[in-house]
Amino acid sequence: MSTDSKILDAKAPDGPIDERWTRHKDRINLVNPANKRLIDVIVVGTGLAGGSASATLAELGYNVKAFAYQDSPRRAHSIAAQGGINAAKNYQGDGDSAYRLFYDTVKGGDYRSRESNVYRLAEVSTNIIDQCVAQGVPFARDYGGLLDNRSFGGVLVSRTFYAKGQTGQQLLLGAYSAMNRQIARGKIEMFNRHEMLDVVVVDGKARGIIARNLVTGEIERHSAHAVVIASGGYGNVYFLSTNAMGSNTTAAWKIHKKGAYFANPCFTQIHPTCIPRSGDYQSKLTLMSESLRNDGRIWVPKNMDDVVAIREGRKKPTDLSEAERDYYLERRYPAFGNLVPRDVASRAAKERCDAGYGVNKTGEAVYLDFKSAIQRYGKEQAKIKGIDNPSESQILELGEGIVEAKYGNLFQMYEKIVDENPYKTPMMIYPATHYTMGGIWVDYNLMTTIEGCFAIGEANFSDHGANRLGASALMQGLADGYFVLPYTIGDYLSNDIRTGSISTDSPEFAEAEKSVKDRIDFFVNNKGEHSVDYYHKKLGKIMWDKCGMARNEKDLKEAISEISELRADFWKNVVVPGSADEMNAELEKAGRVADFLELGELFAKDALEREESCGGHFREEHVTEDGEAKRDDENFAYVAAWEYKGEPSDAQLHKEQLEFNDIKLKQRSYK
Amino acid sequence: MNLTLKIWRQKSPKDQGKMVDYPVSDISEHMSFLEMMDVLNETLIAKGEEPVAFDHDCREGICGMCSMYINGEAHGPDRGVTTCQLHMRKFKDGDTIYIEPFRAKAFPVIKDLSVDRSSFDRIQQAGGYISVNTSGNTQDANAIPIPKDDADLAMDAATCIGCGACVATCKNSSAMLFVGAKVSQYALLPQGQVEASQRVQNMVKQMDDEGFGNCTNTGACEVECPKGISLTNIARLNREFLSAKASSKN
Ligand code: SF4
Ligand code: FES
């Protein structure tokens, strides 16, 4: 492996941290409104980042072409985010501020994010809430009619805004409505059921994409003055994840292959509270919102006898007394208890299950229990309602009422999947892949290492370091799309006002189109014997077993060679039924899995290279005496940005050194 | 369990289409309905046949992408769920299951069980928004308190996932529940008042232009709606529409 001595320049402005964004905005070049009409922008993906960016760019006057593989922009996977969105509004008067949100995010990310970007995120967070309320997003309110908040893991203030357990849905529908207004005005041209299959680079600048119409199979050329990638994360490299079935890395991977560096691929978030796996046929995992950890307590039995009895059905969890339960998060992390950050909570669950205390047949489940909360709320309500000496059943009824009002839809979802009533018996949960902090490297302007190609939302790497705090993904997606990119893209496009429209009739377009068509032809003509899912499942198993919640050198090396063998086999033996010129789900999947098979190897390589434990990246060789992650700031306080050089094994590492001037590097402690 | 599936196969929009029988075996009751379909498709691929096309994405009941008309019901026999949330424990060994696409004039079939619901998007484009620029220069979010009850009702209406089960279920293929939900969300909030009259007229006009039928109050939509969108939203839509008509000058 060769390492570049050149240090990547993030182009972050200097000066006092709380003035950087304002000063940057004051200095960057603008495009005047008449000229914006002459400029086209392609946005790939219509989730919170892509949807909000499309709407805002169109409002500003640019001609936007938006692409979604789903049948409507409203179905992008941001829709599934449950818990909430952070903003430093300090409505609760509990001492919140932009600085505190910035601090929590940098600390939560285990000091592997860029200070300037994170401060900007915290700063614009308050605008997001104002904006969304103006759009008619029905956030939860208290009885006085003001906005309500709740707490999420890793922080000590209440700054999370929410709309029941469907916050992502409501925010996305807000962005979708803003898009609809622009679609109606003709400022956004919407391409539903279209998938981007390559980016076209002309004279070093991103000038368009090649897309496949997923209904007719037609391969189309689309040109623009800039291309924005907002295609989400790559969690589906694990096959099983909480991502949607179609979530993929193809758009991000294609720009990587054309010159965009891919940063920190090994920084993946394994979310602690998901519904455990039930069998081999499983196609995806379902998340139970982190907000449940506000009131739910996590435990496993203290005694192995009880574990065995529960697995064999001789005992029920409700039979165990308080003394027989091990509330292991409260035991290990008294200060944060059940609200430790996600990476910490996930590893603690794995630790108990690896020690044999898992409570279901697979041995991979812990309890999330609402009994105490139901009791506490029940008693509180009885007081409020003036009921003296309430009976046990009255308390339960009142308490369950409150829990239902707060988490009703999540409880219902659990019951539908597992067929057990979570009001009466504790839920079973286990960690699952949920979010990817790594992604396309971008500078302060959110531009990738290809000029004119931008990456926003989960698709980029920028704000969450090695671990993302709860309720920060929605914040970042909307911050990038509504408030950051619309300014910074102008700086780049100001040089393009005289360019005129970009022709698709160039050798670069022809070449990109040909390589896309060749690959499709290969798939539909290959006489292989294994389905795409066969390979995807195999890849997922390697990733989960060897690049999952805990990693070590031996496993990672094995993963690298196994993935590369699997990839070679895929290109020989994959079978794709049907033809290229029709709706063909298997063909779509084949292209996506081909890209995952490359990304997976780079992921393992990055994890191998990062010889420290930080955030979601836990190297078994690097732990403190009490088993916590041990960071190495001396040698690894950098962003690992990989340049494509052919095979993943040839990828070249570039480093962006991280500087911490406003926050002191400390060991992250939640004890 | 072992099942017989009778599935609508249609190669393209122009193709006639027909029901085809497929036996499936060893289905676990813990599988979701779509995982059962995955099993079927894997067997079809192994035999060199074309898998059944169907829409799906989130598989957790929120994106609204999955559809399917199962044994004569949109999203199948369970209540309050989408097809992706339906589990095989709702069926018995030996059952025959009829699986068809959502059918409506405004939802043409693309292939097999996949239909085109872009008419829903066009209704939203006709007025399903509040005209506020996303500049960030709006007033503070807490400047206008909104009574909790109104906010909660708006939220209930806003939970519509745009799946189209209401249309598929309605004997008239009416989209009133879907449109009522969006109109209600904004009608219940102060932010939505300014454009209320225009919005409801434009959305209803687009709904009619798309070829959705009239509402005759049979209430089937409410029963099949996976998100529990209530008929009161249709009543509110009617009220909004009538008062908009009455006050509009033309
Ligand atoms: S009203 Fe219900 S059935 Fe109709 S589209 Fe919305 S969620 Fe689906
Ligand atoms: S697949 Fe998203 S609602 Fe069913």
Side-chain angles (χ1 to χ4, degrees), chain A residues 52 55-56 59 70-72 74-75 77 79-80 91 127 129-131 133-136 138 140-147 163-164 166 169-170 173 177-178 180-181 183-184 192 215 244-246 278-279 281-284 286 412-413 416-417 419 482-483 531 533 575 577-578 582-583 585-586, chain B residues 12 28 30-31 34-35 38-39 42 45-46 48-51 53 55-65 80-81 85 87 89 110-111 114 117-118 120-121 124-126 128-134 136 138-142 145-148 151 154-155 158-159 162 185-186 189 191-192:
Chain A
S52 59
T56 308
E59 280 167 18
Q70 296 91 346
D71 70 341
S72 161
R74 67 178 292 157
R75 308 211 197 279
H77 197 53
I79 198 113
Y91 283 160
N127 294 355
I129 304 303
D130 299 341
Q131 179 60 47
V133 167
Q135 277 171 351
R141 289 176 182 268
D142 60 24
Y143 284 98
L146 301 179
L147 294 162
K164 281 201 178 153
Q166 290 140 271
Q169 178 195 31
Q170 294 310 315
L173 292 180
S177 73
N180 281 333
R181 180 167 162 240
I183 295 172
N192 293 317
V215 175
M245 300 302 287
S278 71
Y281 46 79
Q282 192 113 10
S283 59
K284 77 155 274 160
T286 303
Q412 186 217 16
M413 189 162 86
K416 289 286 177 201
I417 294 175
D419 207 20
Y482 281 141
F483 300 118
S531 70
D533 273 4
V575 58
E582 61 174 341
M583 180 181 253
E586 289 297 312
Chain B
S12 67
S28 153
H30 296 297
M31 281 182 192
L34 296 187
E35 283 165 352
D38 292 342
V39 171
E42 283 294 305
I45 295 168
E49 291 175 36
E50 261 209 64
D55 280 323
H56 65 106
D57 203 22
C58 74
R59 295 210 177 181
E60 51 186 272
I62 193 74
C63 74
M65 186 103 176
V81 294
Q85 292 174 298
H87 274 72
R89 61 180 83 94
I110 298 173
K111 184 177 179 182
S114 175
R117 286 166 288 189
S118 50
F120 267 15
D121 282 329
Q124 299 286 6
Q125 288 153 19
Y129 49 79
I130 289 171
S131 297
V132 52
N133 273 358
T134 57
T138 46
Q139 60 184 344
D140 185 80
N142 259 348
I146 299 175
K148 182 170 170 32
M155 176 65 203
T159 53
Q185 177 194 343
Y186 293 136
L189 297 172
Q191 304 92 302

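Every chain is numbered from 1, with letters handed out A, B, ... down the list of sequences.
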Of all residues at least two apart in sequence or in a different chain, which pass the salt bridge (charged side-chain N to carboxylate O under 4.0 Å, His left out) check with A/Asp533?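 Partners of A/Asp533 by the salt bridge (charged side-chain N to carboxylate O under 4.0 Å, His left out) criterion, ordered by chain and then number, come out as A/Lys589.
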Given heavy-atom pairs under 4.5 angstrom as the criterion, report whether the side chain, backbone, both or neither of [X] touches chain B.
| X | value |
| --- | --- |
| A/Glu586 | side chain |
| A/Gln282 | both |
| A/Asn192 | side chain |
| A/Ala585 | neither |
| A/Gln70 | both |
| A/Ile183 | side chain |

Pick whichever of A/Ser278, A/Gly279, A/Ala163 has the most heavy-atom pairs under 4.5 Å with chain B.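 Ranked by heavy-atom pairs under 4.5 Å with chain B, first place is A/Ala163.
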Between chain B and each of A/Ile129, A/Val215, A/Ile79, count heavy-atom pairs under 4.5 Å; write down the option with the most. A/Ile79
[X] vs [Y] side-chain heavy atoms within contact, under 4.5 Å:
| X | Y | answer |
| --- | --- | --- |
| B/Asp55 | B/Arg117 | yes |
| A/Leu147 | A/Tyr91 | yes |
| B/Asp38 | A/Tyr281 | no |
| A/Asp419 | B/His87 | no |

If you apply the rule side chain to side chain contact (heavy atoms under 4.5 Å, CB included), what do you find for A/Lys164 with A/Gln170, and how did you get there? CA-CA 10 Å; A/Lys164 281 201 178 153; A/Gln170 294 310 315; over 6 Å; no
Go through the atoms of [X] and report whether side chain, backbone, both or neither lie under 4.5 Å from a heavy atom of chain A.
| X | value |
| --- | --- |
| B/Asp57 | both |
| B/Ser131 | both |
| B/Glu42 | side chain |
| B/His30 | both |
| B/Gln191 | side chain |
| B/Ser28 | side chain |
| B/Val81 | side chain |
| B/Ile146 | both |

Relative to chain A, which of [options] shows the most heavy atom pairs under 4.5 Å?
| options | result |
| --- | --- |
| B/Ala158, B/Ala154, B/Gly48 | B/Ala158 |
| B/Gly61, B/Gly162, B/Gly80, B/Gly192 | B/Gly162 |
| B/Gln185, B/Glu35, B/Glu49, B/Glu50 | B/Glu35 |
| B/Pro147, B/Ser118, B/Gly128, B/Gly64 | B/Gly64 |
| B/Pro145, B/Ala126, B/Ala46 | B/Pro145 |
| B/Met65, B/Gln85, B/Lys111, B/Gln139 | B/Met65 |

What's the verdict on side chain to side chain contact (heavy atoms under 4.5 Å, CB included) for B/Val39 and B/Met31, showing C-alpha distance, side-chain angles and the deciding distance? CA-CA 10 Å; B/Val39 171; B/Met31 281 182 192; 3.9 Å; yes
Euclidean distance, B/Thr134 OG1 relative to A/Gln135 CD, rounded to 0.5 Å: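 A/Gln135 CD to B/Thr134 OG1: 7.0 Å, rounded to 0.5 Å.
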Ignoring hydrogens and geometry beyond distance, is a side-chain donor-acceptor pair present between B/Asp121 and A/Ser72 at under 3.5 Å?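 B/Asp121 vs A/Ser72: donor-acceptor pair found between side chains.
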Evaluate A/Ser283 against A/Met245 for side chain to side chain contact (heavy atoms under 4.5 Å, CB included), listing each step before the verdict. CA-CA 8 Å; A/Ser283 59; A/Met245 300 302 287; 3.8 Å; yes
With B/Glu60 via side chain to side chain contact (heavy atoms under 4.5 Å, CB included) - residues at least two apart: A/His77, A/Ala80, A/Gln82, A/Lys284, A/Thr286, B/Cys58, B/Ile62
Where is the tightest heavy-atom contact between B/Ile130 and A/Ala134, given as atom of each residue plus distance? CG2-O, 3.6 Å
Could you walk me through whether B/Phe120 and A/Arg74 pass the side chain to side chain contact (heavy atoms under 4.5 Å, CB included) check? CA-CA 11 Å; B/Phe120 267 15; A/Arg74 67 178 292 157; 5.8 Å; no
